[in-house]
Amino acid sequence: MSAGNELIASGDYIKHHLQNLTYGQNPDTGVWELAHTAAEAKAMGFMALHLDTLGVSFLLGAVFLFFFYRIGQKMTTDTPSGAQNFIESVIEFIDENVRGSFNGKNPLVAPLALTVFIWIVLMNTMDLIPVDWVPQIAQHIGVFFGADPHHVFFKVVPTTDPNATFGLAIGVFLLMLFYSIKIKGFGGFTAELTLHPFSSDNIFLKILLIPANFFLEFVSLIAKPVSHSLRLFGNMYAGEMIFILIALLPFWIQWTLSLPWAIFHILIVLLQAFIFMTLVIVYMDMAHDESH
């Protein structure tokens, strides 16, 4: 094979692994169907569904809830199992972080932080599965149902899909807005957006400063979910890309590089989940801070 053909094949391989299993309305026929190419997926627009992201994230969420529920039902103070000790240590870790960063009173914050942390850890951990395993299984299933294997896509890491990370961040953002208005009142929340950071004792000057204050505070407010989501997406996407590039190398080099990178990537998996969780706690604390 020539170098040019190898380059094209490598490019197709990378594009195939970065494409989601997309279900949406074909703009040409009006029929809801699976996209066969990246161009078709793009043409389906905003309302298209990434079935792989939704399926894997919901499955992992169900596994998390089932596991914690089952261990919770069997908890004992006499001879706790290893699973119980593990869950108690995780809960204690989350509780310490909430106590250290959240100064308000809201029984929702600790369970929210726990859910976000464990769920994201599970989704991030899917990046440690060899990049070809799940897509090849999906292709075999597709062939069984008569599909062209080249048109069967499956991304197994939900957090490498900006739709998933933005969904998580927007959910947290809406909670932050809800509690900001609930705790501070609509007037207090409005004052927070219009009377800071510039202020004056002169009422006329204060009124004149409202547009500038609102612009700065509104930009800062909107930047929270954007940075919250892109930080998680960017780090996980970069890690996935490195795994894909390693998979293009000769077999003996793959294992030489993939194992050290996978070990290092475990730190990224945990760190990104921890950062996302910490920001959730900080944002909820800001929403409950009446002095701000």
Side-chain angles (χ1 to χ4, degrees), residues 1-22 34-42 48 50-57 59-60 120-143 147-169 226-276:
M1 180 182 294
S2 67
N5 289 334
E6 289 180 359
L7 185 60
I8 293 173
S10 299
D12 291 340
Y13 177 85
I14 294 172
K15 289 178 182 178
H16 192 278
H17 277 69
L18 296 179
Q19 177 61 41
N20 286 96
L21 178 64
T22 306
L34 292 173
H36 299 96
T37 63
E40 283 188 13
K42 182 178 180 181
H50 289 175
L51 299 183
D52 42 10
T53 296
L54 291 171
V56 174
S57 58
L59 176 62
L60 293 176
I120 292 178
V121 165
L122 290 176
M123 290 191 286
N124 289 353
T125 302
M126 301 304 289
D127 211 9
L128 300 178
I129 298 175
V131 294
D132 288 328
W133 284 11
V134 176
Q136 286 180 356
I137 293 173
Q139 286 181 343
H140 288 309
I141 295 174
V143 169
D148 183 341
H150 297 292
H151 295 161
V152 178
F153 309 97
F154 202 97
K155 284 184 68 175
V156 74
V157 189
T159 44
T160 60
D161 184 350
N163 293 281
T165 59
F166 266 96
L168 289 169
V226 175
S227 62
H228 202 190
S229 61
L230 290 181
R231 181 183 290 105
L232 175 60
F233 162 72
N235 282 277
M236 296 310 301
Y237 186 87
E240 180 190 39
M241 180 62 74
I242 291 176
F243 277 121
I244 293 173
L245 294 175
I246 290 175
L248 289 169
L249 298 174
F251 182 77
W252 66 274
I253 300 181
Q254 287 182 29
W255 286 102
T256 303
L257 296 178
S258 61
L259 182 59
W261 175 245
I263 295 172
F264 174 74
H265 200 61
I266 294 173
L267 299 177
I268 298 175
V269 164
L270 297 174
L271 180 62
Q272 290 307 312
F274 174 74
I275 291 173
F276 196 98

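In this structure, T256 OG1 and L259 CG are separated by 9.0 Å, a value rounded to the nearest 0.5 Å. Put simply, CG on L18 and CZ on F153 are 11.0 Å apart, with the number rounded to the nearest 0.5 Å. Atom OG1 of T160 sits about 3.5 Å away from atom NZ of K155, to the nearest 0.5 Å. The distance from the CG atom of N235 to the CG atom of L230 is 10.5 Å, given to the nearest 0.5 Å. Between T165 atom OG1 and H228 atom NE2 the span is 10.0 Å, to the nearest 0.5 Å. The line from CG of L249 to CD of Q254 is 6.5 Å long, rounded to the nearest 0.5 Å.
Smallest separation of non-hydrogen atoms from P158 and S57: CG-N, 3.9 Å. Smallest separation of non-hydrogen atoms from G142 and V152: CA-CG2, 4.1 Å. E40 approaches H36 most closely through the heavy-atom pair OE1-N, 2.9 Å. When every heavy atom of F243 is checked against every heavy atom of S258, the shortest pair comes out as CE2-O, 4.2 Å. Of all non-hydrogen atoms in A41 and T22, the two that sit nearest each other are CB-OG1, 3.7 Å.
The shortest side-chain heavy-atom distance between F154 and V56 falls under the 4.5 Å cut-off. By the 4.5 Å heavy-atom criterion applied to side chains, Q139 and H16 are counted as neighbours. Looking at heavy atoms from C-beta onward, M241 lies in side-chain contact with I14 at the 4.5 angstrom threshold. Side-chain atoms of L54 and H50, non-hydrogen and from C-beta on, never get closer than 4.5 Å to each other. Counting heavy atoms from C-beta on, the side chains of W261 and I268 come closer than 4.5 Å.
Shown here are the ring pair (Phe, Tyr, Trp, His ring centres under 6.0 Å) partners of F233, two or more places apart in sequence or in another chain: Y237.
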Donor-acceptor pairs are to be reported for all side-chain atoms of residues 122-134 against protein atoms at under 3.5 Å, with residues two or more places apart or in another chain.
unit_1 : atom_1 : unit_2 : atom_2 : d
N124   : OD1    : T159   : OG1    : 2.7
N124   : ND2    : V269   : O      : 3.2
T125   : OG1    : V121   : O      : 2.5
D127   : OD2    : E240   : N      : 3.4
D127   : OD2    : H265   : NE2    : 2.8
D132   : OD1    : Y13    : OH     : 2.6
D132   : OD1    : H17    : NE2    : 2.8
D132   : OD2    : Y13    : OH     : 3.1

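Defined by atom type and a distance below 3.5 Å, a donor-acceptor pair is present between the side-chain atoms of T53 and N20.
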